[in-house]
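All remarks here apply to the structure that follows.
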Amino acid sequence: MSTPLDMAQEEYKMDMTPMIDVVFLLIIFFLCIDFKILEAKLPAYLPKDKGSQSFKVEPQEQLSVLILPTAEGVKSPRVANRTGINPETMRPYPMKITGHKFKWQVGPREITDLDRLKAELTKIANDKSTWQKDKDTGVLRPMDVVIEPHPGSYYDDVAKTVDAVKAAGFENINFGGGLGAMPKK
Amino acid sequence: MSQALKDAQQNVEMDMTPMIDCVFLLMIFFVLVIDLSQQSLEDLILPEAKYQQPDDKPPDVRPIINVLQNGMIVYKGKVWYSPAEHGTNYAPIMDLLQYFKQSIKLDIETKQIGATTVGLVNDPVLIRADKWTEWHYVGEVMKQCSQPKAAFWKLELAMSEKDKELKPKPSGN
């Protein structure tokens with residue numbers, strides 16, 4: 001036989017359904033958000049006056065940063081046992097490379113460590129004696145940097161370099177070299 | 001009005017929870033499915049960069065060149081250039097750049113450079129390449145961009161806020 005107190009307790013039972021609904025919705029939301037591509041970008045410039053030789057361009061000093069691959073590395077499938085063409089997307093299955101190594105050459109100095117590269121570039125960027133007048137505004141600023149990836153360089157190598165150059169305080173980044181394919185063994 | 005009817009009216013409260021649930025589900029569905037700005041992005045693992053500008057408010061339509069690991073150049077799912085098929089004939093890359101100029105509203109400035117009249121594009125072209133794409137493929141795209149016929153001089157290199165390759169992926173088979 002139920003007492004009045006039991007009946008009152010029964011009436012105040014919390015309905016958990018909306019809370020579970022909301023929790024599920026939040027789980028779905030955050031799972032889906034992770035699949036969205038969150039990207040970033042690094043600006044760079046190409047010469048504007050390409051293909052015209054009828055006027056003289058004043059030579060401008062640029063800081064050359066060479067990317068020199070030292071070890072090609074070993075390719076393996078990014079997802080185990082997945083090689084060749086993906087029949088669903090008709091795109092090749094991506095590979096990953098382990099053991100790829102490279103070094104930088106800034107002027108005469110060879111550098112193998114990213115932090116040292118940043119330090120070296122920051123030192124040059126802060127040295128106002130190397131600053132040059134902007135062609136358009138006439139304001140003094142750090143000289144332009146030209147990144148020269150040698151054959152065998154990957155996009156990742158260049159990205160790390162551009163990142164270090166930007167971090168050092170250089171504004172204008174150009175690209176040179178690197179059009180040769182990976183040297184055949 | 002009788003007391004009983006008044007009580008009945010007070011007790012009839014609509015439960016809004018299922019409706020709110022449905023609205024949220026529909027919102028999530030449409031946000032994820034009808035995101036046109038993601039349509040031209042290939043599934044690539046981008047290199048990680050620390051000092052990049054976040055690409056938080058991209059325009060709906062902009063020139064994007066996806067460079068796959070094997071050098072294939074893709075825009076909106078269509079393969080424009082494939083090294084296996086086209087080899088050293090880079091005309092399809094130029095065709096893609098011309099297509100951008102015709103189909104996307106870009107800031108194009110007509111400029112006399114030396115003896116040549118050039119339609120200089122002041123909007124950037126976003127280059128997205130996989131982190132293990134050989135650089136010379138990207139370099140070739142840049143070379144084509146800088147030709148007077150294309151005259152794209154501003155570039156953006158797509159990076160990732162974190163290296164997604166480091167995240168362990170489930171192995172198949």
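Proteins get letters first, then strands, A, B, ... in listed order; numbering begins at 1 in each.
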Query raised in the report: Among residues 79-87 of chain B, which ones touch chain A with a heavy-atom distance under 4.5 Å?
Result: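 Contacts with chain A: B:Val79.
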Nearest 0.5 Å please: distance from the [atom1] atom of [X] over to the [atom2] atom of [Y].
X	Y	atom1	atom2	result
A:Tyr155	B:Met159	OH	CE	4.5 Å
A:Thr161	B:Trp135	OG1	CH2	9.5 Å
B:Glu134	A:Ile97	CD	CD1	7.5 Å
B:Trp132	A:Arg78	CH2	CZ	9.0 Å

Which atoms of [X] come close to chain A, meaning under 4.5 Å heavy atom to heavy atom: side chain ones, backbone ones, both, or neither?
X	value
B:Leu68	side chain
B:Ala129	both
B:Leu44	neither
B:Met142	both
B:Val67	neither

Query raised in the report: Which atom pair, heavy atoms only, marks the closest approach of A:Asp156 to B:Glu48?
Result: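 So the minimum-distance heavy-atom pair works out to OD1-N, 4.5 Å.
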Query - Distance-minimising heavy-atom pair for A:Arg91 and B:Gly77 - result: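 Distance-wise, the nearest heavy atoms are NH2-O, 3.1 Å.
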Please answer: with hydrophobic residues joined when any side-chain heavy atoms are less than 4.5 Å apart, are [X] and [Y] in the same cluster?
X	Y	value
B:Leu157	A:Val146	no
A:Leu68	A:Val162	no
A:Ile67	A:Phe175	yes
A:Val74	A:Tyr154	no
A:Leu66	A:Val165	no

Requested in this report: State whether the number of non-hydrogen atoms from other residues, nucleotides or ligands found under 6.0 Å of B:Phe24 atom CZ is greater than 12.
Outcome: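 Atom CZ in B:Phe24 is not packed in, count stays at 12 or less.
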Query raised in the report: By a 4.5 Å heavy-atom criterion (distance strictly below it), what part of A:Pro94 contacts chain B: side chain, backbone, both, or neither?
Result: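 Looking at A:Pro94, backbone and side chain both touch chain B.
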Query raised in the report: Just wondering, do B:Ile45 and A:Lys96 contact through their side chains at under 4.5 Å, heavy atoms?
Result: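 Not touching, per the 4.5 Å side-chain cut-off.
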Query raised in the report: Tell me the salt bridge (Lys or Arg N to Asp or Glu O under 4.0 Å) pairs involving residues 118-127 of chain B, sequence neighbours left out?
Result: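 Sorted result for residues 118-127 of chain B: empty, none.
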Requested in this report: Check for a donor-acceptor pair, side chain of B:Gln69 on one end and backbone N or O of A:Met95 on the other, with a separation under 3.5 Å.
Outcome: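 The answer is yes, because a donor-acceptor pair under 3.5 Å joins these two groups.
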